[in-house]
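Have a look at the structure below before the remarks.
Both counts, for ligands and for their atoms, begin at 1 and track the order of listing. One-based numbering along the sequence shown.
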Amino acid sequence: ARPLTPTIDPCWLGPAVTAVLRGRHVSLLAAGPVTDTLRQELEAAVGPAGTVGGDLTGEPVLVLARRDLLPDATTLTGPVRRAVDAAHGLGGEGFALVGDGRSAAIVATGERGLLYGYFHLLRSAATAGSADALPTLDVVREPALAIRMINQWDNTSAGDHLGSVERGYAGDSIFFRDGRMVADRRRIADYARLLASVGINAVSINNVNVHPAAVRLLTDGLPDVADVARIFRGFGISTYLSVNFASPLVLGDLPTADPCDASVVAWWAGVAERIHREIPDFGGFVVKANSEGQPGPFDYGRDHVDGANLLAGALAPFGGRVFWRCFVYDHRQDWRDRSTDRARAAHDHFAALDGRFADNVVLQVKCGPMDFQVREPVSPLALAMTRTNTVVEFQITQEYTGQQIDLCCLLPQWQEFLAFDVSGEGGDTLACALARRSASSGVCAVSNIGDDANWTGHKLAQANLYGFGRLAWDPALSPREILDEWVALTFPDAADLHETLVELQLGSWSTYEMYTAPLGVGWMVTPHTHYGPAVDGYEYSKWGTYHFADRDGLGVDRSVATGTGFAGQYPTAWAQRYEHLETCPDELLLFFHHVPYLHRLHTGETVIQHIYDTHVEGARRVVTMRDLWRSLEGRLDDVSWTNVMERLERQVGSAREWRDQVNTYFFRKSGIPDRHGRVIH
Ligand code: GCU
């Protein structure tokens, strides 16, 4: 493929991945911006000894064709003929890919299908293990979810709150520097390519906390945004901007941002029109309103419907969408107030509004009711909005899951969320429900990349970005299947370590869960930075994130009978299951219930002993991972090995700290000794 920016890690698209096409005669029958990209990809892949033609002459070994540009099917033979038949009825992103080992064909209705088919071919060749043989296969693929989006939390300048990428652990922004878009945009193109290769079709490029300087992206910054949108367009990705609800005020144009004020309506219509002129296929806006201090419709006595529909109205003439985030809760709670439960907030705010949003509004709901903890139940709001476009939001950047210092492969967690049985009675999974809901539903996730040479800080954290895209395309894929692909593509020269690398990733989420906050209760992290333990760090804070540990027990009573009533926000079967101690799953016990330390889990173990045991075991597993990695020296490329080694050393220290602080804290609270008599400090 196109040469990557020198010194930058190619992730899962290294040179070996395209070896299968070297020296081949390939034909591409399509037109448009994505086709132009594809042609560059193919030219680089076949190299000087190969050719990329535009018709079927000369017996091309690989044909990539839009169905409507091929001659009548009866005149075709071999894989092309078969692929034409198979591609019948596909939408714009689907493809048929047929290969008989000697030649192959990718046929699609639209050029994006061809791009996705091309990357599927590369994946298939890599996972088949013979890097230079064309695979034998006969598949038709379409994405399960229409919206597969990445949210950058990039600030326009490093002076903004929390650095240049909010909750970023891999360097500075690849988009912005010193208040402006970067001049050298090759890295953005590399990123677009990585995202397209896993099927991502939308990206918002700036932080959801839109600081005053970033509001200017709508005005002076627009030509630069248009250029970035052009880059993403070439990879079939539409570009979105996060906007500040008070933009008309911030820019000094109007005295109000009231969504029901005619001048505000006209202002946003004008903005949308100007953007559309520069970016004809502009995706739309992402909005964090009345959330953690951001302005919003409440400031004017209006509601979320007024706010979202205002922006939707402005974008509608141009086909744009508004992603309205539902991360709305009281962030100035009094910890003494036991009647307020942050977990309830999103559902309390939005569920009753179902059906009132414009067709081009998409509600963006965090996957869990709190905030990307290592373990949370699925958000009941994601299940509730049956008449509103919805995307479920995940967090690839590891804010609460080790910050790309600790290894924590999140695919098993996301897969569990997407496979959640919506009714609790064996019907649709959450992924199916989203697919069924509308052509404007799907998933989005906060990116984990920055300008570090390896993109993600921790080399192995690349798998989370890769895997998010793959799961969004096909939520039925298992974490193991995805990791099989990722390892084969990322470490093509380490086939003997394949299983080791897959296993390391697969077990890392449960290991992380073991040594951090127990049984779904969450938090216990250092306030603000969110790395490392501080058991009471958030206990007397305004953030609504408590564990309520006392000398007798811990956990949050969210039952309907005696607690906050959160359990009652679920469909009946789930509400019943979560309500009662007998049926509440162990891993979520402390999310839903306050129990005594000697309460017995379904495993038969007491809660306190479970805490002691899992913390010792989790920290032990990290040492094992570190020792295993040490033994791999010389068997992987040095840069990757050294990077991961350094991070695992830090993870060992962090896990030890978690183990000792959590176990000591609960021993001191409860006075109950560890049955195994291990040292507690
Ligand atoms: C978390 C995170 C913030 C972020 C917020 C959001 O609270 O710590 O940095 O802005 O989520 O999703 O809006």
Side-chain angles (χ1 to χ4, degrees), residues 149-156 158-170 172-173 204-212 214 240-246 285-296 298 304 307-308 322-333 342-343 345-346 349-350 362-374 376 379 381-382 390-404 410 414 417 443-450 468 516-517 522-532 534 537-538 541-546:
M149 184 181 206
I150 288 289
N151 295 155
Q152 296 299 133
W153 280 1
D154 294 32
N155 293 314
T156 50
D160 285 337
H161 181 61
L162 289 176
S164 116
V165 180
E166 180 151 335
R167 309 303 180 185
Y169 311 106
D172 288 332
S173 173
S204 61
I205 60 172
N206 62 311
N207 191 1
V208 289
N209 294 314
V210 187
H211 304 293
Y240 288 71
L241 286 176
S242 294
V243 295
N244 184 315
F245 194 77
F285 299 142
V286 175
V287 195
K288 174 173 177 176
N290 291 126
S291 164
E292 300 188 325
Q294 292 294 311
F298 291 179
H304 291 290
V322 178
F323 285 74
W324 191 265
R325 295 179 84 232
C326 300
F327 185 54
V328 178
Y329 68 98
D330 180 0
H331 71 293
R332 294 203 187 95
Q333 194 180 323
R342 171 165 164 183
H349 277 288
F350 286 93
V362 184
L363 291 189
Q364 183 163 325
V365 182
K366 284 197 185 187
C367 53
M370 295 298 279
D371 196 5
F372 303 131
Q373 302 301 291
V374 67
E376 286 189 44
S379 162
L381 182 63
T390 311
V391 289
V392 174
E393 179 181 328
F394 297 93
Q395 196 185 40
I396 311 176
T397 193
Q398 292 169 237
E399 176 178 358
Y400 294 100
T401 49
Q403 304 197 350
Q404 285 129 256
L410 291 162
W414 302 336
F417 278 126
V443 286
C444 65
V446 184
S447 174
N448 64 346
I449 69 113
F468 171 75
T516 57
W523 308 97
M524 302 191 178
V525 286
T526 308
H528 190 67
T529 67
H530 300 168
Y531 186 77
Y538 275 111
S541 77
K542 59 184 183 173
W543 296 98
T545 49
Y546 317 117

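- Heavy-atom proximity to N209, at under 4.0 Å, picks out these atoms of ligand 1: 10 (O).
- Protein heavy atom in closest approach to atom 13 (O) of ligand 1: K288 NZ, 2.6 Å.
- Residue, atom and distance of the protein heavy atom nearest to atom 3 (C) of ligand 1 are E166 OE2, 3.4 Å.
- With respect to atom 7 (O) of ligand 1, the closest heavy atom belonging to the protein is D371 OD2, 2.8 Å.
- Here the side chain of E399 pairs no donor or acceptor atom with the backbone of F372 at under 3.5 angstrom.
- Residue-ligand proximity, R167 to ligand 1, at heavy-atom distances under 4.0 Å covers atoms 2 (C), 3 (C), 8 (O), 9 (O).
- When only non-hydrogen protein atoms are considered, atom 8 (O) of ligand 1 lies nearest to E399 OE2, 2.5 Å.
- Using a 4.0 Å heavy-atom cutoff, F372 is absent from the residues neighbouring ligand 1.
- Assignment of Q395 to the shell around ligand 1 is not supported, since no heavy atom sits closer than 4.0 Å.
- At a threshold of 4.5 Å between non-hydrogen side-chain atoms, the residues Y400 and T516 do not count as touching.
- For the pair S204 (side chain) and S242 (backbone), a donor-acceptor distance under 3.5 Å is absent.
- H528 and Y538 make their closest contact through N-OH, 3.0 Å (heavy atoms, listed as atom of the first residue, atom of the second, distance).
- In this structure, M370 and T545 have side chains that are in contact, with non-hydrogen atoms separated by less than 4.5 Å.
- The F327 neighbourhood of ligand 1 comprises atoms 5 (C), 6 (C), 7 (O), 11 (O), 12 (O), 13 (O), with distances under 4.0 Å to a heavy atom of that residue.
- Less than 4.0 angstrom separates some heavy atom of K366 from each of these atoms of ligand 1: 1 (C), 5 (C), 6 (C), 11 (O), 12 (O).
- Annotation for P527 and G537: closest pair CG-O, 3.2 Å, computed over non-hydrogen atoms.
- Among all non-hydrogen protein atoms, the one lying nearest atom 5 (C) of ligand 1 is E292 OE1, 3.4 Å.
- Counting heavy atoms from C-beta on, the side chains of F468 and V443 come closer than 4.5 Å.
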- Item | Derivation of the side chain to side chain contact (heavy atoms under 4.5 Å, CB included) call for W543 and R342 | CA-CA 8 Å; W543 296 98; R342 171 165 164 183; 4.2 Å; yes
